Amino acid sequence: MDLRLFKNIVILTGAGISAESGIRTFRDQNGLWEEHRIEDVATPEAFAQNPALVQRFYNLRRAQLKDPNLQPNAAHKALAQLEEIWEGNFLLVTQNVDNLHRRAGSKNLLHMHGRLDRIFCQFCDEKVDWTEDLLTQHPCPSCGRLGMRPDIVWFGEMPYHMEEIYAALDKADYFISIGTSGQVYPAAGFVQLAWKAKKIEINMKDTGISAAFDSHLVGPATVEVPRFIQNFLTN
């Protein structure tokens with residue numbers, strides 16, 4: 001592979017890659033998250049109306065990260081290894097809010113929907129790494145006000161790092177989408193923005209945007225991602 005010609009790679013990961021480690025997606029076919037309506041636990045309005053319910057919901061999700069059985073899988077590790085040996089520009093963008101990519105060793109990583117293991121203050125925007133339960137009366141360590149909330153991008157809020165992501169997509173020589181539904185925007189539109197890239201989709205099944213990719217690999221991420229990366233580096 002001649003990295004002088006093809007050096008910019010952008011990878012997008014979604015819930016499918018973490019599901020193979022045992023992360024619950026929480027969202028069922030009826031659109032409910034743990035029997036809660038999305039509007040009740042994943043919007044700024046929900047937090048304003050019932051902060052205790054919202055905090056409890058995310059406390060349960062955050063607690064799952066402490067499960068000793070929850071470990072980065074072969075796909076997470078393969079992506080970290082690719083980043084380590086890649087001689088060009090590498091960016092991993094994830095829609096996931098868990099910490100599995102970071103635990104696997106990924107470094108040039110953007111969490112576009114936030115992180116479960118971080119909280120922030122609604123008043124001064126102070127961000128704090130956090131692994132315990134968060135109570136509604138927890139004060140901000142910076143300004144002292146009671147405005148701490150999960151550092152999660154809720155419905156109606158702008159995803160993080162979009163300017164950086166768009167700039168990387170515009171220059172991408174390769175765009176690889178792994179374990180995403182192709183239904184959630186703006187991530188579902190990334191394939192169109194990577195206008196000059198060779199585009200590869202890895203998923204358990206075809207998605208609504210599969211036709212926009214040059215190739216589509218069907219199967220578990222734990223199998224297909226390591227195999228794809230091995231072939232990618234040797235061809």
Side-chain angles (χ1 to χ4, degrees), residues 1-20 73-97 100-102 104-115 153 157-235:
M1 181 183 302
D2 190 345
L3 298 182
R4 294 172 300 178
L5 297 176
F6 304 104
K7 64 178 183 178
N8 301 315
I9 185 168
V10 178
I11 299 174
L12 172 69
T13 63
I17 192 171
S18 290
E20 292 185 47
N73 61 45
H76 293 109
K77 295 175 183 177
L79 291 173
Q81 291 165 359
L82 174 61
E83 178 182 1
E84 184 176 356
I85 64 176
W86 188 254
E87 297 179 10
N89 298 313
F90 181 100
L91 179 63
L92 175 58
V93 180
T94 186
Q95 297 172 276
N96 301 330
V97 296
L100 294 176
H101 279 304
R102 282 179 285 120
S106 292
K107 296 180 177 62
N108 198 9
L109 168 69
L110 297 178
H111 283 267
M112 63 179 294
H113 291 161
R115 289 171 40 183
V153 176
E157 297 180 327
M158 178 65 67
Y160 295 153
H161 313 295
M162 294 310 299
E163 288 188 10
E164 186 175 351
I165 294 169
Y166 288 150
L169 289 168
D170 186 59
K171 297 177 181 178
D173 297 307
Y174 298 97
F175 174 66
I176 305 168
S177 176
I178 303 168
T180 66
S181 67
Q183 297 177 340
V184 179
Y185 284 84
F190 287 176
V191 63
Q192 303 292 347
L193 297 175
W195 60 277
K196 70 173 183 176
K198 181 174 177 59
K199 307 170 186 69
I200 302 99
E201 184 179 44
I202 303 174
N203 214 327
M204 289 293 293
K205 59 182 180 180
D206 287 346
T207 68
I209 59 173
S210 291
F213 289 84
D214 299 305
S215 60
H216 181 76
L217 305 178
V218 178
T222 49
V223 175
E224 296 300 330
V225 173
R227 180 161 55 196
F228 167 76
I229 290 175
Q230 182 178 10
N231 293 336
F232 180 64
L233 294 173
T234 55
N235 288 338

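Throughout, numbering of the chain's residues begins at 1 and tracks the sequence. Since this is a predicted model, take the numbers as computed values, not measurements.
Between Val225 and Leu79, some side-chain heavy-atom pair lies under the 4.5 Å cut-off. A heavy-atom distance below 4.5 Å is not found between the side chains of Tyr174 and Asn8. The side-chain heavy atoms of Ile11 and Leu91, taken from C-beta on, include no pair separated by under 4.5 Å. Looking at heavy atoms from C-beta onward, Glu83 lies in side-chain contact with Asn108 at the 4.5 angstrom threshold. Residues Val218 and Met204 form no side-chain contact, since every pair of their non-hydrogen atoms from C-beta on lies 4.5 Å or further apart. A 4.5 Å side-chain heavy-atom check between Val191 and Phe175 finds at least one atom pair inside the cut-off. The closest side-chain heavy-atom distance from Leu193 to Ile165 is not below 4.5 Å.
Listed by first and then second residue, the salt bridge (charged side-chain N to carboxylate O under 4.0 Å, His left out) pairs involving residues 207-235 are Glu224-Arg227 (not counting sequence neighbours). Evaluation of the salt bridge (charged side-chain N to carboxylate O under 4.0 Å, His left out) test over residues 184-199, restricted to residues two or more places apart or in two chains, returns Asp173-Lys196.
Looking only at distances, no side-chain donor or acceptor of Glu201 sits under 3.5 Å from a matching main-chain atom of Ile176. With Asn73 contributing its side chain and Ser18 its backbone, the two residues share no donor-acceptor pair below 3.5 Å. Side chain of Thr234 to main chain of Asn231: a donor-acceptor pair is present (N/O by atom type, distance under 3.5 Å, no hydrogens or angles).
For the pair Gly179 and Asn203, the tightest heavy-atom approach, listed with the atom from each and the gap, is CA-OD1, 4.1 Å. The nearest pair of heavy atoms linking Ala74 to Pro226 is O-CG, 3.8 Å. The two residues Ala221 and Ala75 have their closest heavy-atom pair at O-CB, 3.5 Å. Considering all non-hydrogen atoms of both residues, Ala187 and Leu12 come closest at O-CD2, 3.9 Å. Residues Gly182 and Ala188 approach most closely at O-CB, 3.5 Å, considering heavy atoms. When all heavy atoms are compared, the tightest approach of Gln95 to Thr180 is OE1-CG2, 3.2 Å.
The side chain to side chain donor-acceptor pair (under 3.5 Å) with Thr222 is formed by just one residue from the set His76, Glu20, Lys77; it is Glu20.
The line from NE2 of His111 to NE2 of His161 is 8.0 Å long, rounded to the nearest 0.5 Å. Atoms NE2 and CG, on His101 and Leu110 in that order, are 11.5 Å from each other to the nearest 0.5 Å. Leu169 CG to Gln192 CD: the interatomic distance, rounded to the nearest 0.5 Å, is 11.5 Å. For the atom pair Ser177 OG and Phe213 CZ, the distance stands at 4.0 Å (nearest 0.5 Å). Residue Leu82 holds its CG atom at 5.0 Å from CD1 of Ile9, rounded to the nearest 0.5 Å. Atom CG of residue Leu109 and atom CG of residue Leu92 lie 5.0 Å apart, to the nearest 0.5 angstrom.
Inspection of the His113 and Asn96 side chains reveals no N or O donor paired with an N or O acceptor under 3.5 Å.
Remark: aromatic rings of Phe232 and Trp86 are close, center separation under 6.0 Å.
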Met112 vs Phe190, side chain to side chain contact (heavy atoms under 4.5 Å, CB included): CA-CA, chis, key distance, verdict: CA-CA 12 Å; Met112 63 179 294; Phe190 287 176; 3.9 Å; yes
Step-by-step side chain to side chain contact (heavy atoms under 4.5 Å, CB included) determination, Lys7 to Glu87: CA-CA 7 Å; Lys7 64 178 183 178; Glu87 297 179 10; over 6 Å; no
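Scanning for side chain to side chain contact (heavy atoms under 4.5 Å, CB included) contacts around Ser181 gives Gln183, Val184, with sequence neighbours left out.
Other residues, nucleotides and ligands contribute at most 12 non-hydrogen atoms within 6.0 Å of the CD atom of Gln230.
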